[in-house]
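Sequence lines set the chain letters: A, B, ... in the order given, protein chains first and strands last, and positions in each chain run from 1.
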Protein chains: 2
Amino acid sequence: MPEQKTNSDTRDRILDVAERLFMENGYEATSMRMITGAAEVNLAAVNYHFGCKEALLREVFRRRLGWLNDNRLQALDRLEAQAGGGALKPSQILEAFFGTLLRMGEDKTLGGMTFLRLLGRTLTEPAEFIRTFFASEYAEVIDRYKQALYRALPDVPQAEIVWRLHFMLGAMSYAIAGTDVLRVVTGVEVDDLAGERPVQDDDTIRARRLAQRLMPFLLGGLRAPLPQFDEPAGTQQELPSKAAKESRPGT
Amino acid sequence: MPEQKTNSDTRDRILDVAERLFMENGYEATSMRMITGAAEVNLAAVNYHFGCKEALLREVFRRRLGWLNDNRLQALDRLEAQAGGGALKPSQILEAFFGTLLRMGEDKTLGGMTFLRLLGRTLTEPAEFIRTFFASEYAEVIDRYKQALYRALPDVPQAEIVWRLHFMLGAMSYAIAGTDVLRVVTGVEVDDLAGERPVQDDDTIRARRLAQRLMPFLLGGLRAPLPQFDEPAGTQQELPSKAAKESRPGT
DNA sequence: GCCTCGTTCAAACGTTCGTTTTAATTTTAG
DNA sequence: CTAAAATTAAAACGAACGTTTGAACGAGGC
């Protein structure tokens with residue numbers, strides 16, 4: 001019966017290798033034999049320790065998402081405690097949500113950029129078991145942050161906030177999913193551009209740079225003026241009270 | 001005279017079905033037998049008409065991306081002509097790039113939302129042949145729009161513009177990839193929120209609504225204030241540092 | 001010693017994959 | 001009309017897939 005008691009390093013080696021290979025090739029294109037071969041364990045070890053391939057993928061995520069979403073909730077708790085019942089600033093909320101994630105990319109013991117890229121790519125996988133798994137893992141944290149954003153932006157229709165949360169998740173996932181995706185479309189390495197220091201092969205620097213660039217973008221999008229709907233039903237109000245509506249970058 | 005069952009009928013039926021199934025299941029999880037079965041053609045017809053499965057996927061995209069990127073270039077040509085050598089407004093550039101795409105979602109003869117969702121999901125596929133194919137298909141249009149953005153935002157470092165272009169592509173792809181992805185994370189249907197009229201099953205309305213909400217977000221992100229870099233050894237604000245590294249309490 | 005039990009191992013299971021083959025059929029052209 | 005070419009049909013190919021099997025291994029308690 002597959003029941004783990006001891007902390008066999010076989011189990012962890014499988015998880016580490018699977019995490020990397022799922023990221024590099026995707027779930028379907030990564031075979032059990034690729035995983036067990038790279039991990040130098042027997043082919044049957046995966047089924048013994050995890051049951052089946054689907055369960056292996058779930059476990060790869062469970063061991064990381066547990067930490068991630070726990071810390072996200074704790075970060076939100078801290079903010080709300082020190083706000084003493086008042087509404088939080090949108091920037092605080094985004095920092096707690098996205099910053100916690102991006103900080104995982106700096107810590108190899110938390111999966112580093114490998115896990116972040118895997119997460120970004122897997123969020124678009126259409127397989128049903130993946131979608132339902134993510135839904136259950138994310139349900140609580142998304143609900144808490146949604147409520148926080150509702151309070152932080154009382155003048156913005158809630159549907160609009162959900163849409164923008166969606167947009168932000170997309171921007172983050174693509175940004176995370178790697179330089180790869182960008183290179184596909186732009187044809188260049190981001191790091192090679194505009195006199196920037198060549199990046200050393202260090203996930204810490206990569207993750208920190210990404211965070212520094214992503215957060216302003218997300219905040220700008222979140223606080224953008226509301227769209228004007230071309231429907232007969234009335235005109236929407238303008239921007240939420242926040243400033244920085246027409247701020248041009250630079251200058 | 002026999003039926004109009006010409007060869008191109010078989011070819012197009014395969015392409016239409018493959019487009020839909022690749023969108024629903026992803027490339028790897030869609031088998032030739034699923035495609036030929038749903039298209040009601042013989043199994044060998046795919047290999048006869050397209051050569052192999054990879055070439056089929058490429059052809060599915062080629063017939064759409066050709067129109068898309070041609071129109072994107074034409075839209076940019078029009079804008080630059082009427083600007084008479086001057087710089088364009090960022091909103092014009094985004095409208096030409098993303099608006100052209102989103103308008104495909106309103107036109108069933110151009111693939112409609114099915115193709116848009118497929119495109120959004122496929123951009124993250126890690127398979128090498130897909131990446132190189134997209135790189136060649138997108139090379140010209142991306143370069144043109146990049147240059148236009150450089151001129152439109154002369155005070156913004158070019159590396160920053162490339163990053164934000166990346167973020168915008170990500171937000172768009174996720175938004176496009178469907179309500180599915182959002183439902184995974186939020187657990188709700190977007191259309192059910194905040195007193196919005198339930199959407200009728202009409203891709204035209206869906207695509208138009210998406211465009212109206214996405215464009216302000218993208219523009220807000222593109223023009224957000226530039227990030228402050230903490231160049232010397234980490235003197236940034238002390239955010240909730242990594243505490244409680246291995247916590248998975250309750251849940 | 002022997003027994004137990006969690007783990008590893010080599011081998012094989014049945015299924016499905018993308019592709020090819022061979023023959024029949026339809027379309028095209030002189 | 002006839003022959004060649006184009007297209008479809010049915011069956012089979014070998015390879016790879018996820019999974020299962022049953023025996024062997026190795027440490028710990030009696």
Side-chain angles (χ1 to χ4, degrees), chain A residues 1-61 122 125-130 132-133, chain B residues 1-61 122 125-130 132-133:
Chain A
M1 295 299 172
E3 200 67 29
Q4 81 282 8
K5 277 290 190 172
T6 69
N7 50 345
S8 146
D9 72 331
T10 295
R11 225 184 99 98
D12 289 335
R13 268 217 318 286
I14 290 174
L15 286 174
D16 290 338
V17 168
E19 183 173 72
R20 197 189 79 237
L21 292 183
F22 283 148
M23 180 272 287
E24 292 174 354
N25 314 302
Y27 173 74
E28 298 283 353
T30 302
S31 71
M32 307 279 270
R33 285 165 179 84
M34 291 166 63
I35 296 170
T36 55
E40 296 179 296
V41 301
N42 189 267
L43 171 60
V46 171
N47 292 90
Y48 173 77
H49 281 285
F50 304 98
C52 64
K53 192 186 176 187
E54 291 191 2
L56 170 61
L57 181 71
R58 276 193 294 263
E59 185 57 28
V60 165
F61 277 103
T122 310
E125 289 258 349
E128 187 62 30
F129 84 94
I130 296 180
T132 59
F133 171 72
Chain B
M1 185 177 285
E3 287 306 309
Q4 288 183 346
K5 190 186 175 186
T6 66
N7 52 0
S8 70
D9 179 45
T10 295
R11 232 185 92 97
D12 288 338
R13 254 207 338 280
I14 291 174
L15 286 175
D16 290 339
V17 167
E19 184 173 72
R20 196 189 81 238
L21 292 182
F22 283 149
M23 180 272 288
E24 292 174 354
N25 312 302
Y27 173 74
E28 298 282 354
T30 302
S31 71
M32 307 278 270
R33 286 165 179 83
M34 292 166 63
I35 296 170
T36 55
E40 295 179 297
V41 301
N42 188 266
L43 172 59
V46 171
N47 291 88
Y48 174 77
H49 281 288
F50 304 98
C52 65
K53 191 186 176 187
E54 291 191 2
L56 170 61
L57 180 71
R58 277 193 294 264
E59 187 56 31
V60 165
F61 277 104
T122 310
E125 290 257 350
E128 187 63 29
F129 84 94
I130 297 179
T132 60
F133 171 72

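A heavy-atom distance below 4.5 Å is not found between the side chains of A:H49 and A:E59. With a 4.5 Å cut-off on side-chain heavy atoms, A:L15 and A:F50 count as touching. Here the side chains of B:K53 and B:I35 are not in contact, with every heavy-atom distance at 4.5 Å or above. At a threshold of 4.5 Å between non-hydrogen side-chain atoms, the residues B:F129 and B:L57 count as touching. Inter-residue side-chain proximity for A:E40 and A:V17 is flagged as unmet; no heavy-atom pair is nearer than 4.5 Å.
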- [ ] Let me see the working for B:R13 and B:D9 under salt bridge (Lys or Arg N to Asp or Glu O under 4.0 Å), right down to the final yes or no.
- [x] CA-CA 6 Å; B:R13 254 207 338 280; B:D9 179 45; 2.9 Å; yes

Open item on the list: With side chain to side chain contact (heavy atoms under 4.5 Å, CB included) as the criterion, how do A:L43 and A:M32 come out once you've worked through the C-alpha distance, each side chain's angles and the decisive distance to 0.1 Å?
Closed with: CA-CA 7 Å; A:L43 171 60; A:M32 307 279 270; 3.9 Å; yes

- [ ] Using a 3.5 Å limit on both pairing distances, list the dot-bracket string of DNA chain D from the 5' end; Watson-Crick and G-U wobble pairs count, crossing pairs take [ ], interstrand pairs take |.
- [x] |||||||||||||||||||||||||||..|

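Qualifying side-chain hydrogen bond (donor to acceptor under 3.5 Å, both in side chains) partners for B:N42, counting only residues two or more places apart in sequence or in other chains: none. Partners of B:Y48 under the ring-ring contact (aromatic ring centres under 6.0 Å, His included) rule, at least two apart in sequence or in another chain, do not exist in this structure. For A:F22, the ring-ring contact (aromatic ring centres under 6.0 Å, His included) partners are A:Y27, not counting sequence neighbours.
At whole-Å resolution of the value, CD in B:E40 and C1' in D:dA9 are 15 Å apart. Summarising the geometry, the separation between CZ on B:F50 and P on D:dT7 is reported as 12 Å, rounded to the nearest angstrom. Note: OH (B:Y48) to C1' (C:dT25) measures 13 Å, nearest angstrom.
Within the 4.0 Å cut-off from OP1 or OP2 of C:dT8, at least one side-chain nitrogen or oxygen of A:H49 is found. Considering only side-chain N and O atoms, A:T10 lies nowhere under 4.0 angstrom from the phosphate OP1 or OP2 of C:dT7.
Annotation: proximity of residues 14-21 of chain B to DNA chain C (heavy atom, distance under 4.0 Å) is found for no residue.
Between the CD1 atom in B:I130 and the CD atom in B:E54 there is a gap of 8.0 Å [rounded to 0.5 Å].
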- [ ] List the protein contact pattern of nucleotides 15-21 of chain C with one symbol per nucleotide (5' to 3'): B for base contact, S for sugar-phosphate-only contact, - for none; contact means a heavy-atom distance under 4.0 Å.
- [x] --BBBB-

